[in-house]
Amino acid sequence: MTASNPLFADRLIAWQEQYGRHDLPWQVSDPYRIWLSEVMLQQTQVGTVIPYFLNFIARFPDVAALASASPDDVLAAWSGLGYYSRARNLHRAAQMLVNSHGGHFPQAPEALIELPGVGRSTAAAIAVFAFGARAAILDGNVKRVLARWAGIEGWPGEKRVENTLWQLAESLLPSSGIAGYTQGLMDLGSQVCTRTRPCCGACPVKEDCVACIAGRQSQLPAPKPRKTIPERHVVLLLIRDARGRIFLERRPPAGIWGGLWSLPEAQDTLSAASLCACRYGVNVDFDPPLPDVRHTFTHFHLAITPLPGAVNGAVVVTDSGTGWFDLVDIETLGLPAPVRRLLK
DNA sequence: AACGCGGGGCG
DNA sequence: CGCCCAGCGTT
């Protein structure tokens, strides 16, 4: 926050009143519906949840109805939503509520979290929407909003980062208007501060958003680190002419091997001939591919399939980005190491 | 084809 | 605590 901006929470509350969602079927006072919606929304988006929610409520209108239903009926109503342990936990929790809480929901997040299927964030959401508790939620949308706004580095799945986010989420809570604030945070994350292509122009907190100011929306929050680096595959074309020269192409200035001379690259062996005809205007007869060569970069493995081929007669090259080279001249060119190795 | 999603269960 | 899983939708 800067001195010239109203509080983060106040801007979010005002935004939610004007642009947020107010007509969702679980925006009611019934804790049962709020709980059900929060569990359904744990791994599933709003648009998918709505019909399941309406059907579920029609079949099991209250906690008692759910508690006394058969597991099969509950699972049937859940069928298609996925993560079926949610339905089993829901059923168990309904029975706990009937047997141990007189069929009523406890109000404190610390009590709600005891229900199976209710974690810290879901407990807070229920407590906020059903009972007006002053508690912080931290779901995927909120993590993204806060990580961007405050410029929090690191992957939010990492404990250290998550602790920081929880702390921030608590510190930003308003003293009043908690439900509108919490709904606003959710709505902002799902409608404006989206994972890809966020609509920062429509954001009520863009003025002091670290990611927006620095243009780092695509870098925050940091993605989950991959343990196995991805494997990429290219076909490199070893095209010779009648004089034994090799055909090279200068690579685009940005990206892998930027600006270096290299062998033409094809997606696969089958498209190589049409690519040569289309892009270079030469007809090439390709031989069977040579065995793959593997090369490891920092961020991915590259499997190279060398594909030898021949054109007949001399070919005049007009494009300055391509050319025919004698093998002896290639020594003096700037070539990527694996390509140089391949040519030997 | 890989990723993201909240919570639970495991070692 | 870190690690993995669940199932569907999105990218």
Side-chain angles (χ1 to χ4, degrees), chain A residues 26 34-53 55-56 71 74-97 109-129 135-148 152 154-166 169 182-183 185-199 217-234 267-268 299-303:
Chain A
W26 46 82
I34 292 165
W35 165 57
L36 175 63
S37 73
E38 288 303 328
V39 173
M40 284 187 167
L41 289 165
Q42 275 169 4
Q43 353 274 345
T44 315
Q45 296 207 325
V46 167
T48 308
V49 162
I50 288 174
Y52 284 90
F53 175 85
N55 177 61
F56 204 97
V74 177
L75 277 174
W78 202 271
S79 177
L81 266 185
Y83 278 90
Y84 297 96
S85 63
R86 288 185 293 171
R88 289 188 289 271
N89 285 332
L90 203 70
H91 196 203
R92 277 179 56 213
Q95 292 171 340
M96 283 174 57
L97 287 167
E110 307 81 58
L112 288 163
I113 206 172
E114 299 299 321
L115 297 172
V118 176
R120 180 172 173 183
S121 187
T122 301
I126 298 168
V128 165
F129 293 128
I137 63 161
L138 192 66
D139 64 13
N141 282 332
V142 178
K143 285 177 180 173
R144 189 171 54 250
V145 170
L146 297 186
R148 281 180 176 157
I152 293 170
W155 176 52
E158 195 185 322
K159 199 63 188 171
R160 253 197 70 259
V161 179
E162 195 179 3
N163 288 343
T164 304
L165 287 165
W166 272 116
T182 304
Q183 188 66 48
L185 216 40
M186 292 173 159
D187 291 349
L188 190 74
S190 64
Q191 298 173 26
V192 172
C193 194
T194 49
R195 195 160 67 83
T196 54
R197 302 179 43 135
C199 315
Q217 296 94 327
S218 69
Q219 298 165 20
L220 294 170
K224 174 183 182 149
R226 302 197 187 179
K227 40 173 45 120
T228 58
I229 60 179
E231 175 109 15
R232 275 159 57 173
H233 182 246
V234 293
Q267 299 242 316
D268 50 66
H299 294 101
F300 60 95
H301 296 293
L302 188 63

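Heavy-atom basis, side chains included; hydrogens, waters and symmetry copies ignored. Naming convention: chains lettered A, B, ... in sequence-line order (proteins, then strands); numbering from 1 in each chain.
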Partner set under side-chain hydrogen bond (donor to acceptor under 3.5 Å, both in side chains) for A:R144, not counting sequence neighbours: A:N141
Euclidean distance, atom NZ of residue A:K159 to atom P of C:dG2 [Å, nearest integer]: 8 Å
Nearest-Å distance for atom pair CD/C1', residues A:E162 and C:dC1: 12 Å
Under 4.0 Å protein heavy-atom contacts per nucleotide of nucleotides 4-11 of chain B, with B for base, S for backbone only and - for none: SBBSS---
Nearest-Å distance once atom C1' is located in both C:dG9 and B:dG8: 22 Å
Span that lies between the P atom of C:dA6 and that of B:dG11, in whole angstrom: 16 Å
Salt bridge (Lys or Arg N to Asp or Glu O under 4.0 Å): pairs with one or both residues in residues 34-47 of chain A, sequence neighbours excluded: none
Pairs under 3.5 angstrom only: tabulate donor-acceptor contacts from the side chains of residues 75-85 of chain A to other protein residues two or more places apart or in another chain.
residue	atom	partner	partner atom	Å
A:W78	NE1	A:G82	O	3.0
A:Y84	OH	A:G80	N	2.9

Minimum-distance nucleotide (side-chain atoms of A:T196 versus C:dT11, C:dG2, C:dG9): C:dT11
Along DNA chain C (nearest heavy atom to each residue), the more 5'-positioned of A:R160 and A:T48: A:R160
Ring pair (Phe, Tyr, Trp, His ring centres under 6.0 Å) partner of A:W26, the single match among A:F53, A:F129, A:F56: A:F53
Ignoring hydrogens and angles, write down the donor-acceptor pairs under 3.5 Å from the side chains of residues 113-126 of chain A, residues two or more places apart or on other chains.
residue	atom	partner	partner atom	Å
A:R120	NH2	A:E170	OE2	3.0
A:S121	OG	A:L138	N	2.9
A:T122	OG1	A:Q42	NE2	3.1

Show me the donor-acceptor pairs, under 3.5 Å and distance only, between side chains in residues 154-163 of chain A and residues at least two apart or in other chains.
residue	atom	partner	partner atom	Å
A:N163	ND2	A:K159	O	3.4

